[in-house]
Each structure stands twice: as C-alpha cells, then as structure tokens.
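What follows is a set of notes on a single structure, which appears directly below.
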Amino acid sequence: MNMRPSRRRSGPPTAQSTSSARSTPDRSGRGGRGAASAPRGTCWLYGQHAVQAALENPARKLRQLLVTAEAQETLATRLEGGFPIQPVRSERAALDTLCGPDAVHQGMALLVDVLSPPDLDTVLEQPGPVMVLDQVTDPRNIGAILRSAAAFGAVAVIMQDRNAPDETGALARAASGALEIVPLIRVVNLSRVLEALKARGLWVVGLDAGGGVLDGAAFHQRRVALVLGAEGAGLRRLTREHCDEIAGLAMDSRMESLNVSNAAAVALYEMFRHR
C-alpha cells in the first residue's frame with residue numbers, strides 16, 4: 001500500500017475487487033418478511049443464530065416468538081436465562097408460509113422492532129475500523145459483511161439509506177447474529193459522512209482498483225474506515241474522490257475480483273491481524 005503524508009485524489013475507476021451480480025433492494029419483504037407482512041417498524045427474524053441473538057439482546061423489543069416443538073426445545077437448551085418472551089407453538093408449514101419458500105427458518109421466527117442505531121459519535125468512542133458501503137444492495141451480502149465486521153472488530157457498518165435494503169430476516173440470517181452486535185447505520189449523504197470520519201481522525205480507504213495492495217501493517221497506528229462499492233459497479237466517482245487512498249486486495253492474477261462480502265472479509269482480516 002502506498003501511504004502518502006497528505007491526502008490525495010484517486011484516478012478514474014477500474015474494475016477490481018468488489019463485484020458480484022447486481023441486485024435491487026429487497027423492500028417488498030420477499031425473502032425477509034415473508035408472505036405475511038409485519039407491522040410498520042418491525043420485521044420477522046428467522047433461523048437459530050439470528051433468533052437466539054435477538055432474544056439475548058436487551059436492546060431488542062420482542063413482539064412474538066413462533067416455534068415448532070423441536071425448535072423450542074433447541075432454544076431452551078441454548079438460552080441461559082430462559083425465554084424472555086413466551087413462545088407460541090407453530091407448525092413448520094405455517095412458518096414456511098410466513099418466512100417465504102426459500103427461507104431456512106429452522107422452525108423458529110421472531111417478530112421484533114427494527115433496531116435504533118446509535119449516532120456516529122457514540123460508535124466512534126469504541127476502538128476499531130468502520131465499514132462504509134456505497135450502494136451495496138443485496139441483503140445477504142450486507143448480512144455477511146456484518147458477520148465479518150463482528151468477527152474482526154469493526155465498530156459499525158454505514159450505508160446510504162436511499163439505496164440500501166431494509167432490515168429483514170434474510171439480512172439477519174446471513175449476519176448469523178451479528179446484526180445484534182454491530183450497529184447498521186443509515187445515512188443520507190455518504191460523502192459528508194466520509195468527511196466527518198476524516199475529521200475524527202480516520203483514514204478513509206476505498207477498496208477498489210487504482211491503488212496499491214491493502215497492507216494492514218501500514219495502518220498499525222492509524223484508525224481506518226474501509227469503503228466498499230456496489231456489486232458490479234464498484235465505488236462511485238464521488239465516493240472515490242472522498243477517499244484518502246484507494247487499495248486493492250492481494251490475489252492470484254487469474255481472478256479479477258471477489259464478491260463484495262468476500263472482499264470485506266479479506267480486507268477486515270488484513271486489518272485485524274496487524275492490530
């Protein structure tokens with residue numbers, strides 16, 4: 001990685017490290033809230049890790065827990081303090097209908113209020129990198145990025161509200177409990193947030209082509225915000241211009257790019273192993 005003593009502008013974008021099939025935000029509820037719509041401001045979570053983590057999160061407001069007999073027994077053995085909400089017995093077919101035909105619900109679904117994220121100043125009181133997503137739209141990719149963020153010590157995932165999916169069961173399941181650990185912060189103006197992060201002493205690194213190879217050792221004494229672009233399109237021009245530098249991932253030349261969630265995991269690990 002080519003570190004500079006002063007902030008620099010990056011060159012025009014070229015394709016590299018954060019591509020996958022383009023998708024659109026899942027705001028219809030399909031694959032997340034299932035066939036049955038949830039009340040405004042709530043969503044259905046499903047799958048063992050997502051449901052257990054939400055039940056154990058004191059910040060979550062719990063509305064209703066639907067479980068099969070087998071799933072209730074499984075949760076009972078895993079929840080140290082017992083059920084914080086009374087389970088309601090349900091049949092697997094009813095959960096299939098509720099969560100959607102492709103949802104792996106493992107016999108449990110939990111209706112919860114959507115989490116209220118902390119403000120940026122509160123988040124930055126904790127040490128660790130920040131993840132910034134530039135129009136990443138696939139809820140499963142965002143969930144996977146949250147999971148990596150929790151594993152490698154990131155304090156928040158920030159994304160632009162206008163082009164980002166809602167909190168859904170699909171996102172929460174992909175996060176495997178990390179939605180309850182790492183704040184997911186939505187903002188109106190991403191460029192303004194990048195400047196705010198700089199003002200608070202973070203070095204903003206865009207993960208894309210056009211720069212050196214990301215080297216965590218170079219940031220041993222510097223706090224970093226990693227910025228990842230949309231699936232397929234990469235970082236937008238204005239986002240690139242607000243980065244302190246652009247860096248790519250070290251990889252075999254036979255592969256041009258990685259899925260955005262895989263790229264996030266590799267980049268976070270590179271930063272984590274040099275902390």
Side-chain angles (χ1 to χ4, degrees), residues 1-4 7-23 128-138 140-160 163-164 178 182 184-185 187 190-191 193-198 202-220 222-253 255-275:
M1 176 170 293
N2 190 15
M3 297 293 293
R4 303 285 186 183
R7 304 192 190 280
R8 63 178 177 85
R9 299 295 188 188
S10 303
T14 57
Q16 201 236 0
S17 64
T18 60
S19 66
S20 72
R22 182 184 295 274
S23 62
V130 174
M131 301 295 292
V132 181
L133 307 183
D134 183 18
Q135 297 192 345
V136 177
T137 59
D138 189 325
R140 292 172 179 82
N141 274 337
I142 294 172
I145 290 169
L146 281 166
R147 187 175 185 177
S148 295
F152 300 122
V155 297
V157 173
I158 300 172
M159 58 184 185
Q160 190 174 30
N163 292 293
V182 180
L184 187 59
I185 301 175
V187 300
L190 207 61
S191 297
V193 167
L194 295 180
E195 291 302 314
L197 291 172
K198 291 179 186 180
L202 280 78
W203 188 260
V204 178
V205 180
L207 192 63
D208 208 341
V213 174
L214 184 68
D215 179 9
F219 300 105
H220 181 63
R222 192 190 295 267
R223 192 174 187 183
V224 170
L226 288 172
V227 189
L228 294 99
E231 299 92 345
L235 296 174
R236 292 176 297 164
R237 178 190 58 80
L238 189 59
T239 303
R240 289 176 65 94
E241 290 177 354
H242 281 83
C243 293
D244 291 316
E245 67 175 281
I246 301 297
L249 299 176
M251 65 176 70
D252 193 298
S253 60
M255 291 302 297
E256 181 181 347
S257 63
L258 289 175
N259 168 277
V260 64
S261 62
N262 292 333
V266 173
L268 280 167
Y269 173 71
E270 175 62 22
M271 306 305 298
F272 181 80
R273 72 190 186 97
H274 291 288
R275 288 175 61 180

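- Heavy atoms only, all atoms of each residue included: A263 and L207 are closest at O-CD2, 3.8 Å.
- A distance of 8.5 Å separates CG in L214 from CD in E245, rounded to the nearest 0.5 Å.
- Here R236 pairs with D134, Q135, Q160, R162, L190, T239 under the side chain to side chain contact (heavy atoms under 4.5 Å, CB included) rule; sequence neighbours left out.
- Residues that satisfy the side chain to side chain donor-acceptor pair (under 3.5 Å) test with S261, not counting sequence neighbours, are N141, N259.
- Within the 4.5 Å cutoff, no side-chain heavy atoms of V136 are placed close to those of M159.
- In this structure, CE on M131 lies 6.0 Å from CD1 on I145, to the nearest 0.5 angstrom.
- With contacts defined as side-chain heavy-atom distances shorter than 4.5 Å, the pair V130/V155 qualifies.
- Counting only heavy atoms from C-beta outward, the side chains of I246 and L235 approach each other to under 4.5 Å.
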task: Show your working on side chain to side chain contact (heavy atoms under 4.5 Å, CB included) between K198 and D244 and close with a plain yes or no.
output: CA-CA 9 Å; K198 291 179 186 180; D244 291 316; 3.4 Å; yes
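- The OG atom of S191 sits 3.5 Å away from atom CG of L238, with the distance rounded to the nearest 0.5 Å.
- Judged by distance alone, with hydrogens and angles left aside, the side-chain atoms of R222 form no donor-acceptor pair with the main-chain N or O of L202 at under 3.5 Å.
- Looking only at side-chain heavy atoms (C-beta outward), I142 and L184 come within less than 4.5 Å of each other.
- Shown here for V182 and A156, the closest heavy-atom pair between the two residues is CG1-CA, 3.7 Å.
- Legend: residues meeting side chain to side chain donor-acceptor pair (under 3.5 Å) with E270, ordered by chain and number and at least two apart, are R273, H274.
- At a threshold of 4.5 Å between non-hydrogen side-chain atoms, the residues F219 and M271 count as touching.
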field: Evaluation steps, side chain to side chain contact (heavy atoms under 4.5 Å, CB included), between V132 and L197
entry: CA-CA 10 Å; V132 181; L197 291 172; 4.0 Å; yes
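- Contact record, A149 with V157: CB-CG2, 4.1 Å, taken as the closest heavy-atom pair.
- Across all their heavy atoms, A150 and A178 have their closest contact at CB-CB, 3.8 Å.
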